[in-house]
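In what follows, every heavy atom counts, from backbone to side chain, and hydrogens, waters and symmetry copies are set aside.
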Amino acid sequence: MQAAAAVVAGLGERGKNRKARTGGTAYTLALGWYGSHVEYTLCRDGHWYFSHYATVQSPADSAYFAVTLLRRLGLGPNDITQVYVYGKGIAGGDFSIFKAIFNVQPERLNPIPVVDLDPTSLSADFDAEAYVPCIGVAL
């Protein structure tokens, strides 16, 4: 999960443009979606802060666990300025519940911009988000 945080940090220039809504610290939530579990990586001002994983059945369950995790850390949905999703089998609207809760549109965590790789060299159906942990470890 720290590898996902490395990718988030690599995209830091985008993140720096997102100010905390309360004028304080900006938090980014990266959600890793896999068949067996969900990974939660929380970054504070673009750097790894906390990670956790849980077994869940649906994106709605993953949102519930995300809010519960934030509460345990003394944070709330308004503290999150960016939500990223990575992993396997991510469909377009699956994580729309996160927009309703965090008031930010979840984005796919695309690791390609943080490495020296021409995106046009990849096939159109290449699932870059599935490689976030691999690329993040290499960073």
> Got a second to check how far Asn110's CG is from Tyr84's OH, nearest 0.5 Å?
Replying inline: 10.0 Å
> Do Trp33 and Glu39 come close enough that some side-chain heavy atom pair is under 4.5 Å?
Replying inline: no
> Would a 4.5 Å heavy-atom cut-off, applied to side chains only, mark Leu109 and Val7 as touching?
Replying inline: yes
>> For a 4.5 angstrom cut-off between non-hydrogen side-chain atoms, does Phe102 reach Leu70?
In response: yes
> Relative to each other, are the rings of Phe95 and Phe98 parallel, tilted or perpendicular (30° and 60° limits)?
Replying inline: tilted
> What are the two closest non-hydrogen atoms of Ala6 and Gly136, and how far apart are they?
Replying inline: CB-O, 3.7 Å
> Any side-chain heavy atom of Tyr27 within less than 4.5 Å of one from Thr81?
Replying inline: no
> Do the rings of Tyr40 and His52 sit parallel, tilted or perpendicular, given the 30° and 60° boundaries?
Replying inline: parallel
> Do Pro113 and Leu11 touch side chain to side chain, with heavy atoms closer than 4.5 Å?
Replying inline: yes
> If you round to the nearest 0.5 Å, how far is CH2 of Trp48 from SG of Cys43?
Replying inline: 9.5 Å
>> Counting C-beta onward and ignoring hydrogens, is there a side-chain heavy-atom pair between Tyr64 and Thr68 closer than 4.5 Å?
In response: yes
>> One pair to check against side chain to side chain contact (heavy atoms under 4.5 Å, CB included): Leu42 and Ile80. What are the steps and the verdict?
In response: CA-CA 9 Å; Leu42 189 63; Ile80 303 299; 3.7 Å; yes
> Between Lys88 and Asp127, which heavy-atom pair has the shortest distance, and what is it?
Replying inline: CA-OD2, 4.5 Å
>> If I compare all heavy atoms of Ala63 with all of Ile101, which pair ends up nearest, and what's the gap?
In response: CB-CD1, 3.6 Å
> Does a side-chain heavy-atom distance below 4.5 Å link Leu31 with Tyr86?
Replying inline: no
>> Measuring from atom OG of Ser62 to atom CD1 of Ile97, what distance do you get when rounded to the nearest 0.5 angstrom?
In response: 8.0 Å
> Short question: side chain of Thr41, backbone of Ser51 - any donor-acceptor pair under 3.5 Å?
Replying inline: no
> Can you check whether Met1 reaches Tyr53 side chain to side chain, under 4.5 Å on heavy atoms?
Replying inline: yes
> Are Phe65 and Val56 close enough, and set up right, to give a side chain to side chain contact (heavy atoms under 4.5 Å, CB included), and what steps lead you there?
Replying inline: CA-CA 9 Å; Phe65 281 105; Val56 299; 3.3 Å; yes
> Does Val115 belong to the same Ile/Leu/Val/Met/Phe/Trp/Tyr cluster as Val8, with side-chain heavy atoms less than 4.5 Å apart forming each link?
Replying inline: yes
> Is the side chain of Asp45 donor-acceptor paired with the backbone N or O of Ala26 at a distance under 3.5 Å, no angle test?
Replying inline: yes
>> Please report the interatomic distance CD(Gln105) to OG(Ser96), rounded to the nearest 0.5 Å.
In response: 8.0 Å
